[in-house]
There are 2 protein chains.
Amino acid sequence: MASVHSQRTGEELPSRQPLYVQVRDQIVTSIEAGEWHAGDMLPSEFELADRFRVSQGTVRKGLDLLEAEGVLRRRQGLGTFVAEADDGWGRAELPGIGHPLDADLELLSCSRGHAGDTAAAALGLRRGAAITVVRRLARVAGEPFALIDSCVSSERFDGLDARRIKQADCNLRRIWLRQFGLRVVSDSPLYRAGLAGREEARLLGVGLDAPLLEVLRTASGMDGRPVEWTTVWCRTDLYGYRP
Amino acid sequence: MASVHSQRTGEELPSRQPLYVQVRDQIVTSIEAGEWHAGDMLPSEFELADRFRVSQGTVRKGLDLLEAEGVLRRRQGLGTFVAEADDGWGRAELPGIGHPLDADLELLSCSRGHAGDTAAAALGLRRGAAITVVRRLARVAGEPFALIDSCVSSERFDGLDARRIKQADCNLRRIWLRQFGLRVVSDSPLYRAGLAGREEARLLGVGLDAPLLEVLRTASGMDGRPVEWTTVWCRTDLYGYRP
DNA sequence: CAGTGGTCTAGACCACTCG
DNA sequence: GAGTGGTCTAGACCACTGG
């Protein structure tokens, strides 16, 4: 990797990235291309250094980035592994110091629509652009906990439908990665409190006007551009929400 | 810093920390001891390397940690600077992509009490231990936005009172640092949604049973032990909450 | 035991900021 | 130009894991 241009097809990227960032990007690209799947062990740092024509320390710095982003997991004496794509909707947790609880995801709907002002701004689309809205329900111990609406550009994720989502166990990030070759990372969310409307109350099993936690978040691809806009409506009478 | 024991007074810490962690700890200790204050420039990496008897790369790794924790700020060509202690209660932000808004903090009360189960568990104290509760109000553009209750051990923060808090512009972290020589970092918060009680409604200027965002968070010292337990009640009808 | 990641060093060069 | 942080290298040794 003596030079960016010698290995890239000729696109761009902000002029000149440090080598360790290029290493990071190359590894993400390889994962997105299907060279390594979730659970696979990556070549050793020295092998990667050889492959990318950089020193082992530079490879390590790139791997450090990816571990911090949750893309890789490393264990001393064992190796570096590709992490399972986390759906990233959040987690339920008991307020008194406890571990995150397991939740089951259920697909409620997958429908087409047009971007309103908020969604368009969040996704960098023009107002009225075609979007696909995926509505899911998260259950904890069988009880409804969160209603999750995710919006993506219909153009970018062409062919996204209920069948595919169910096949992927309702894990959207897994679909982005395996079907569309795109690994995303969640941005920092914005939080609000609101009251349950008719629809939310029915789906979450709470009374009308019950207090609900609203979590607003975008997720961006490796290039930093937002590709997913998610709103979570969360009842927190039993559990708290941990990002 | 050939050995931990040669420079430590003989306490403990998990057996044997890496050198760069020891560098990090030494620097925090120096800041807490008042050697460098907020805004001060630290010695260069090479000077620090000389002082700690390690290589410049090891110093850098320690500084990287501190920058990630928000303790230091570094600017290429300029130097490394001690960051202002951030109070860490959070920030208000307009839901449609915008910057965090400035908030004014007002002290409502500073009172003594006894730890309930939650506070005791969160702070690692015994139930009923003496605690000091600081209640503050955050205003955005003059309008009440958040009610912030912070609990600390009265024993550890002996002499904490309203006068000191006002002198520090209601920035508690600044007091922990300057008066008690302790720099803390916020842990990941837990979120809930609730309804405004009589007290919260009055102070925040919302109606009874208005939806409020509840943020629960501990903050821990350099040694990882929790020292501050904060609950934020936040009205989010106008702005969102960003951690 | 061999192979992995984790730490540490010494030295080089670059990019930025200021006077 | 002098001084700073940012990147990169090559090589060494340690600590952990598995067979």
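Every chain is numbered from 1 and lettered A, B, ... according to where its sequence line falls, protein lines coming before strand lines.
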*Charged N to carboxylate O below 4.0 Å: is that the case for B:D87 and B:R136?*
yes

*Please state how far atom CZ in B:F81 lies from atom C1' in C:dC18, giving the value in whole angstrom units.*
11 Å

*From C:dC8, C:dG5, D:dT9, pick the nucleotide closest to the side chain of A:L19?*
D:dT9

*Could you give the CG-to-C1' distance, from B:D50 to C:dA10, as a whole number of Å?*
14 Å

_Angle between ring planes, A:Y239 versus A:F145, binned at 30° and 60°: parallel, tilted or perpendicular?_
perpendicular

*In whole Å, what is the span from the CG atom of B:L42 to the C1' atom of D:dT4?*
13 Å

*From CA spacing to verdict: side chain to side chain donor-acceptor pair (under 3.5 Å), A:R173, A:S150*: CA-CA 11 Å; A:R173 302 283 172 89; A:S150 299; over 6 Å; no

*Consider the side chain of A:E45, meaning its heavy atoms from C-beta on, and name the nucleotide among C:dA10, C:dG5, D:dG5 that approaches it most closely.*
C:dG5

_Run the ring-ring contact (aromatic ring centres under 6.0 Å, His included) test on A:F81 and A:W36 for me, step by step, so that the C-alpha distance in whole Å, both residues' side-chain angles and the decisive distance to 0.1 Å come before the verdict._
CA-CA 9 Å; A:F81 302 84; A:W36 304 302; over 10 Å; no

_So B:Y20, base contact, sugar-phosphate only, or nothing? Heavy-atom distance under 4.0 Å._
sugar-phosphate

*Where is the tightest heavy-atom contact between A:L63 and A:E45, given as atom of each residue plus distance?*
CD1-CG, 3.9 Å

*asked:* Among residues 61-76 of chain B, which ones have heavy-atom contacts with DNA chain C below 4.0 Å?
replied: B:K61, B:Q76

*asked:* Is it the case that over 12 heavy atoms from other parts of the model lie below 6.0 angstrom from the CZ atom of A:R73?
replied: no

_Can you tell me which nucleotide in C:dT7, C:dC8, D:dT7 comes closest to the side chain of B:T58?_
C:dC8

*DNA chain D: 5'-proximal contact among A:F46 and A:G77 (nearest heavy atom)*: A:F46

_A:E69/A:R24 salt bridge by N-O under 4.0 Å criterion_ = yes

_Nearest to side-chain heavy atoms of B:S55, which nucleotide of D:dG11, C:dT9, D:dT4_ = C:dT9

*salt_bridge(A:D117, A:R127) N-O dist < 4.0 Å*: yes

*Would you kindly give the CD-to-P distance between A:Q56 and D:dT7, to the nearest whole Å?*
17 Å

*Take B:R60 and B:R74, measure what side chain to side chain contact (heavy atoms under 4.5 Å, CB included) needs, and give me the verdict at the end.*
CA-CA 11 Å; B:R60 171 177 295 271; B:R74 321 172 73 190; 4.1 Å; yes

*Given D:dT4, C:dC18, C:dT4, which nucleotide is nearest the side-chain atoms of A:M41?*
C:dT4

*Hunt down any stem DNA chain D takes part in, defined as 3 or more consecutive Watson-Crick or G-U pairs whose two distances are each under 3.5 Å.*
C:1-18 with D:1-18

*OP1, OP2 of D:dG5 versus side-chain N and O of B:T80: anything below 4.0 Å?*
yes

*Spacing between B:R60 atom CZ and D:dT4 atom C1', to the nearest angstrom*: 10 Å

